[in-house]
Amino acid sequence: MTKSEARRTAILRTATEVFHEAGFDRASMSDICNRVGYSKATVYAYFKSKEELLVAIALDAAEAEYEAARAALAESPAGICAALEHVGRRYLAFACAPETLATRRLVLAEAGRAGLGNQCYDLGPGRVIAALAALLHGAMDDGELVEAGSELAARHLKALFDAEWGERLLFQAIEALGPEQLEASAERAVGVFLAAYGAGKAGAAT
């Protein structure tokens, strides 16, 4: 990482903390400059306003979500069960990380600003679902899953990954989870998914 990239990352991380603590409307660029320890000239050289900062935070978070899923899919082992468990473990490790949750809370709170929510969804969750759908479509063609709508199946799978912990972590109703808990959760989600979509199952969503 270059010095410029490190500074940009530090500014975005600090802005996320300030926005989360004070709320976007009450936070100021001065608050961010003071917290990060850079001069106003330095911060404004990267971002002209807190609105620019918010957009950058949101879009970077969406891109990070997609990249985490893409990397997991690229490394997934053979066999649909093993592949989905691998993807689930990697997805949950990212989605349930404290920094991911903090950013998601901020983005959800401000998603109505200038179509920010649509941009973030298309760049992050939308592309994650499309990537999962491609994997599932291949498994359907190979006979590992029943023939069904692959996009809907991908939405069901992602919802199962999020089902046990997602909302409780997002609302800070529980503490951070350990790797063993997330791995077990991913395996349970895949088990439920395969009970509905596994080869030979009748009545899968279409």
Side-chain angles (χ1 to χ4, degrees), residues 9-27 31-32 35 50-73 84-133 151-193 196:
T9 299
I11 293 168
L12 289 175
R13 184 182 299 114
T14 301
T16 301
E17 293 172 358
V18 172
F19 292 157
H20 183 65
E21 292 171 9
F24 179 79
D25 289 331
R26 292 190 297 276
D31 295 333
I32 295 164
R35 176 80 66 89
K50 66 179 186 178
E51 286 76 17
E52 279 193 16
L53 270 166
L54 177 63
V55 170
I57 290 166
L59 297 186
D60 278 9
E63 181 68 21
E65 179 178 357
Y66 169 70
E67 284 300 321
R70 184 196 61 77
L73 286 163
L84 294 183
E85 288 179 354
H86 172 80
V87 170
R89 288 191 294 269
R90 291 286 300 275
Y91 171 77
L92 287 174
F94 172 82
C96 297
E99 58 272 20
T100 301
L101 290 164
T103 304
R104 185 166 294 174
R105 292 182 194 107
L106 171 64
V107 172
L108 288 174
E110 306 298 336
R113 294 179 183 269
L116 186 60
N118 285 336
Q119 293 181 67
C120 290
Y121 179 83
D122 290 343
L123 188 60
R127 286 200 294 167
V128 171
I129 288 167
L132 286 173
E151 181 182 337
L152 180 58
R155 292 183 184 279
H156 287 166
L157 178 60
K158 187 173 182 297
L160 285 167
F161 287 145
D162 289 327
E164 285 192 44
W165 311 114
E167 289 184 346
R168 285 187 283 175
L169 286 168
L170 197 60
F171 286 96
Q172 298 177 286
I174 56 174
E175 299 295 328
L177 303 167
E180 297 84 1
Q181 290 172 291
L182 297 180
E183 289 178 12
S185 181
E187 292 170 6
R188 287 191 292 269
V190 171
V192 173
F193 180 81

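Quick note: residue numbers are just sequence positions, from 1. The shown structure was predicted, so the numbers you read here are calculated from the model rather than taken from an experiment.
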Could you list the donor-acceptor pairs under 3.5 angstrom formed by side chains in residues 64-71, with sequence neighbours left out?
| residue | atom | partner | partner atom | Å |
| --- | --- | --- | --- | --- |
| Glu67 | OE1 | Arg70 | NE | 2.9 |
| Glu67 | OE1 | Arg70 | NH2 | 3.0 |

Should Val190 and Leu160 be marked as a side-chain contact (heavy atoms from CB on, under 4.5 Å) after you check the CA-CA gap, both sets of side-chain angles, and the distance that decides it?
CA-CA 8 Å; Val190 171; Leu160 285 167; over 6 Å; no
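- Atoms OG1 and CZ, from Thr103 and Arg13 in turn, are 10.0 Å apart once rounded to the nearest 0.5 Å.
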Under the side-chain contact (heavy atoms from CB on, under 4.5 Å) rule, what do Leu169 and Leu177 come out as? Steps first, then yes or no, please.
CA-CA 9 Å; Leu169 286 168; Leu177 303 167; 4.0 Å; yes
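- The distance from the CG atom of Leu132 to the NZ atom of Lys158 is 8.5 Å, given to the nearest 0.5 Å.
- Atom CD of Glu187 has more than 12 heavy atoms from other residues, nucleotides or ligands within 6.0 Å.
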Report the C-alpha distance between Arg168 and Glu175 in whole Å, list the side-chain angles of each, state the deciding distance to 0.1 Å, and finish with yes or no for side-chain contact (heavy atoms from CB on, under 4.5 Å).
CA-CA 9 Å; Arg168 285 187 283 175; Glu175 299 295 328; over 6 Å; no
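- Remark: Glu17 CD to Asp31 CG distance equals 12.5 Å, nearest 0.5 Å.
- We find the CZ-CZ distance between Phe161 and Arg90 to be 12.5 Å, quoted to the nearest 0.5 Å.
- Rounding to the nearest 0.5 angstrom, the gap separating the CG atom in Leu106 from the CZ atom in Phe19 is 7.0 Å.
- Glu99 is linked by a side-chain hydrogen bond (donor to acceptor under 3.5 Å, both in side chains) to nothing, counting only residues two or more places apart in sequence or in another chain.
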As a quick check of understanding, evaluate side-chain contact (heavy atoms from CB on, under 4.5 Å) for Arg113 and Glu51, giving each step before the final call.
CA-CA 9 Å; Arg113 294 179 183 269; Glu51 286 76 17; 5.5 Å; no
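- Between Glu183 and Arg188, no side-chain nitrogen of the basic residue sits less than 4.0 Å from a carboxylate oxygen of the acidic one, so the salt-bridge criterion is not met.
- Pairing each heavy atom of Ala186 with each of Leu92, the nearest pair is N-CD1, 3.8 Å.
- Closest of all the heavy-atom pairs between Thr100 and Ala95 is CG2-O, 3.8 Å.
- Side-chain contact between Val107 and Leu54 is absent, with no heavy-atom pair separated by less than 4.5 Å.
- Salt bridge status for Arg104 with Asp162: absent, with no side-chain N to carboxylate O gap under 4.0 Å.
- Atom-to-atom distance recorded for Lys50:NZ and Ile32:CD1 is 8.0 Å, nearest 0.5 angstrom.
- Within the structure, side-chain hydrogen bond (donor to acceptor under 3.5 Å, both in side chains) contacts touching residues 115-127 (residues at least two apart or in different chains) are Glu63-Arg127, Tyr121-Arg155.
- Closest heavy-atom contact between Ala153 and Phe193: O-CE1, 3.3 Å.
- In terms of heavy atoms, Ile57 sits closest to Ala15 at CD1-CB, 3.9 Å.
- Residues Glu110 and Phe24 approach most closely at OE2-CB, 3.3 Å, considering heavy atoms.
- Across Pro125 and Cys120, no two heavy atoms sit closer than the pair CD-O, 3.4 Å.
- Proximity of a side-chain donor or acceptor of Thr16 to a complementary backbone N or O of Leu12 within less than 3.5 Å is detected.
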